[in-house]
Amino acid sequence: MTQDEKNMGIIVQVASFSGYLVPFGSILGPLIVWLMKRDEFPFVDSCGRNCLNFKISLFIYVSISAILMFIGIGFILLALLAIADIVFTVIAAIKASEGKSYQYPLTINFIKPRTEADLV
């Protein structure tokens, strides 16, 4: 694995922090990088799928927490989700720098991994 491939894997993970500045940036940032580089680098494809699955799952969890704010527990859940987002994304970026694709916890697999049949 080349250093360029590892760097692009890191960029996919770190691009999700744009969500703290731009609405839906946590999904759009990694999506743009993933779509641009997934065919060029298999590692970026793996990192992008894992990151996007986590960010989409997180969006669902945040939406549910926003509804639960009406009964009070949503505030606590939102704080925990924000902390989990930051911690897991930093861990994923560190793993990408080591050339390992990080499997985020609590993730629903919306974008399935490629199979050999998909590559033909």
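Just so it is clear, the model here is predicted, and its values are computed rather than measured.
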What distance do [X] atom [atom1] and [Y] atom [atom2] have between them, rounded to the nearest 0.5 Å?
X: S101; Y: R49; atom1: OG; atom2: CZ; value: 11.0 Å
X: I27; Y: S16; atom1: CD1; atom2: OG; value: 10.0 Å
X: Q103; Y: K95; atom1: CD; atom2: NZ; value: 12.0 Å
X: S26; Y: L21; atom1: OG; atom2: CG; value: 11.0 Å
X: E5; Y: S46; atom1: CD; atom2: OG; value: 10.0 Å

ring-ring contact (aromatic ring centres under 6.0 Å, His included) involving F110 - partner list, sequence neighbours excluded:
none
K6 side chain reached by S97 side chain, heavy atoms, under 4.5 Å:
no
Indicate yes or no: at least one non-hydrogen side-chain atom of I10 is less than 4.5 angstrom from one of Q13.
no
Tell me yes or no: between the side chains of T107 and N50, is some donor less than 3.5 Å from an acceptor?
no
Looking at every non-hydrogen atom in both residues, tell me the closest pair between A96 and C47 and how far apart they are.
CB-SG, 4.4 Å
Any idea which heavy atoms bring A92 and Y104 closest together, and the distance?
CB-OH, 3.2 Å
Sequence neighbours excluded, the answer for side chain to side chain donor-acceptor pair (under 3.5 Å) partners of D4 is none
State plainly whether one hydrophobic cluster holds both [X] and [Y], where clusters connect Ile, Leu, Val, Met, Phe, Trp and Tyr through side-chain heavy atoms under 4.5 angstrom apart.
X: L52; Y: I60; value: yes
X: I111; Y: Y102; value: yes
X: L28; Y: F54; value: yes

Fellow cluster residues of [X], listed by chain then number, with links counted only when side-chain atoms sit under 4.5 Å apart:
X: F43; result: M1
X: I32; result: M36
X: V33; result: M8, I11, V12, F41, V44

Considering only distance and modelled atom types, tabulate donor-acceptor pairs under 3.5 Å from the side chains of residues 61-90, sequence neighbours left out.
{"from": "Y61", "atom 1": "OH", "to": "L106", "atom 2": "O", "distance (Å)": "2.8"}
{"from": "S63", "atom 1": "OG", "to": "F59", "atom 2": "O", "distance (Å)": "2.9"}
{"from": "S65", "atom 1": "OG", "to": "Y61", "atom 2": "O", "distance (Å)": "2.9"}
{"from": "D85", "atom 1": "OD1", "to": "K55", "atom 2": "NZ", "distance (Å)": "2.2"}
{"from": "D85", "atom 1": "OD1", "to": "T89", "atom 2": "OG1", "distance (Å)": "3.3"}
{"from": "D85", "atom 1": "OD2", "to": "Y20", "atom 2": "OH", "distance (Å)": "2.7"}
{"from": "T89", "atom 1": "OG1", "to": "K55", "atom 2": "NZ", "distance (Å)": "3.0"}
{"from": "T89", "atom 1": "OG1", "to": "D85", "atom 2": "O", "distance (Å)": "2.7"}

Is it the case that the side chain of S57 and the backbone of I108 share a donor-acceptor pair, with hydrogens and angles ignored and the cut-off at 3.5 Å?
yes
